[in-house]
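Notes to accompany the following structure.
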2 protein chains.
Amino acid sequence: MRLSTKGQYAVRAMVDLAYYSKDKPVTLQEIADREEISINYLEQLFAKLRRNRIVSSVRGPGGGYLLANRADKISIGDIIDAVEESLTPVACAEGDVGCGRIDKCVTFKLWKGLGDRIKDFLSSITVQDLCDDAGRMFKDQDIKTGSRKCAA
Amino acid sequence: MRLSTKGQYAVRAMVDLAYYSKDKPVTLQEIADREEISINYLEQLFAKLRRNRIVSSVRGPGGGYLLANRADKISIGDIIDAVEESLTPVACAEGDVGCGRIDKCVTFKLWKGLGDRIKDFLSSITVQDLCDDAGRMFKDQDIKTGSRKCAA
DNA sequence: CATAATCCGACTATTTTTGTCAAGTATTTT
DNA sequence: AAAATACTTGACAAAAATAGTCGGATTATG
Ligand code: FES
Ligand code: FES
């Protein structure tokens, strides 16, 4: 039940972005430096985030990324959803219907329930919440939301 | 955030076992046939389950596996714990302490919270619960807790 | 135009997962 | 004691997922 680094990095990058993009776009390079994540890898993640309208991009010099919404309107669940395939613990409990045989499936309810708990929890926490934490933790220093080794 | 098939299969096998082992041991071959899981793979899983005292084994002709406790004392969390390494979403939120730098880690609380929710939920459901469901679903037919393709 | 930035797609190395296989050990029945 | 049954162990391997890289195209600025 591990979250892939895709999801972990995306959350960290989003918190970083929210923290530093008061008005101007933030470049991936900056985020990559602060968070010690490969810029090429970040590109992949932000491409997905952009396609899912979590962030918007500005091309050219002075460009970068911006939040597409207010930080308190973006939940962690939104981010994970955008970069991972799924938060569902098993494949055939995807969506509400599951695979064709759920009326004969003893475990469907179990995995569906678990998936719902996970989604509920991650939807209840917003980027703003983590930003506030970060502000308290780092005061005037540069923030860094996790460490490369810990990947959290 | 997918559960590996190890965990999924182990849960299914345990429900099957609980359902059929009223007093006599159940052989892996039977479970493998009913649940369409490779017997060799099941052996690996049951070895771990036995080491964690989730099941006990009886050797020799007429032997097989038995639950080591009452079905309503075995939670799904116990099973997953026995065969998977961990239910923690990220590596350094393992345990309560996390890695060395949690006082500077913006995301620790988040992942810790998620892991706790997952554990709580899976601990709240027992093998007996699923057995009851199975009984209702299958009445007098042989049960089959999931399908090989769906792996749930 | 030169430069700074995003955007796009293909590619690869590593690790994890998901099994399989074979030889051996223990137990009970006959 | 022999045979049958079943568990034990450890090595091995194919396949999938993950993590990360690379080269180049596109767009906007100055
Ligand atoms: S707890 Fe280790 S970096 Fe967050
Ligand atoms: S929902 Fe598909 S086998 Fe359970």
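Labels below follow one simple rule: chain letters A, B, ... track the order of the sequence lines, proteins then strands, and each chain is numbered from 1.
- A 4.5 Å side-chain heavy-atom check between B:Leu17 and B:Phe46 finds at least one atom pair inside the cut-off.
- Rounded to whole Å, atom C1' of D:dA4 lies 15 Å from atom CD of B:Gln29.
- For B:Ser57, the side-chain atoms get nearest to D:dT8 when compared with the rest of D:dT8, D:dT29, D:dA19.
- Taking only side-chain atoms of A:Thr27, from C-beta outward, the nucleotide of D:dA19, C:dT6, D:dT8 with the closest atom is C:dT6.
- Following rounding to the nearest Å, A:Arg51 (CZ) and C:dC7 (C1') show an atom-to-atom distance of 10 Å.
- Per the geometry, CG belonging to B:Asn40 stands 17 Å off P belonging to D:dA11, to the nearest Å.
- Taking only side-chain nitrogens and oxygens, B:Arg50 never comes nearer than 4.0 Å to OP1 or OP2 of D:dC7.
- For the pair A:Asn69/A:Ile54, no side-chain contact is recorded, criterion being any heavy-atom separation below 4.5 Å from C-beta on.
- The A:Thr5 side chain lies nearest to D:dA19 when the options are D:dC7, D:dA19, D:dT21.
- No side-chain donor from either of B:Asp120 and B:Ser123 sits under 3.5 Å from a side-chain acceptor of the other.
- Among C:dA4, C:dT18, D:dT9, the nucleotide with an atom closest to any side-chain atom of B:Ser4 is C:dT18.
- Looking at which nucleotide of DNA chain D each of A:Gly60 and A:Glu43 is closest to, the 5′-most match is held by A:Glu43.
- With contacts defined as side-chain heavy-atom distances shorter than 4.5 Å, the pair A:Lys6/A:Lys48 qualifies.
- Nucleotide C:dA5 holds its P atom 14 Å from the CG atom of A:Leu66, rounded to whole Å.
- OP1 and OP2 of C:dT29 both lie 4.0 Å or more from every side-chain N or O belonging to B:Arg59.
- Looking at heavy-atom distances under 4.0 Å, A:Phe46 makes no contact with the nucleic acid at all.
- Summary of the strand contacts: A:Gly62 and A:Ala47 both lie near DNA chain C, and taking for each the nucleotide with the nearest heavy atom, the more 5' one is attributed to A:Gly62.
- When the P atom of C:dT18 is taken as reference, atom CZ of B:Arg2 falls 11 Å away, rounded to whole Å.
- When distances are taken from the side chain of B:Ser38 to each of C:dT20, C:dT6, D:dT21, the shortest belongs to C:dT20.
- Taking atom CZ of residue B:Arg12 and atom P of nucleotide C:dT18, one finds them 13 Å apart after rounding to whole Å.
- When distances run from any side-chain atom of A:Pro61 to the nucleotides D:dT5, D:dA28, D:dT8, the shortest one goes to D:dA28.
- In this structure, the nucleotide among D:dA19, C:dT27, C:dA5 sitting nearest to the side chain of A:Tyr41 is D:dA19.
- Counting only heavy atoms from C-beta outward, the side chains of A:Tyr9 and A:Glu35 never approach each other to under 4.5 Å.
- D:dT5 atom P lies 17 Å from atom NZ of B:Lys24, rounded to whole Å.
- Put simply, the side chain of A:Asp72 does not reach to within 4.5 Å of the side chain of A:Val127, judged on heavy atoms.
- Distance, B:Ile39 CD1 to C:dT18 C1': 17 Å, rounded to whole Å.
- Residue-level contact check: B:Gln44 touches the bases, meaning some heavy atom is under 4.0 Å from a base atom.
- The phosphate of D:dA6 (OP1 or OP2) has no side-chain N or O of B:Tyr65 nearer than 4.0 angstrom.
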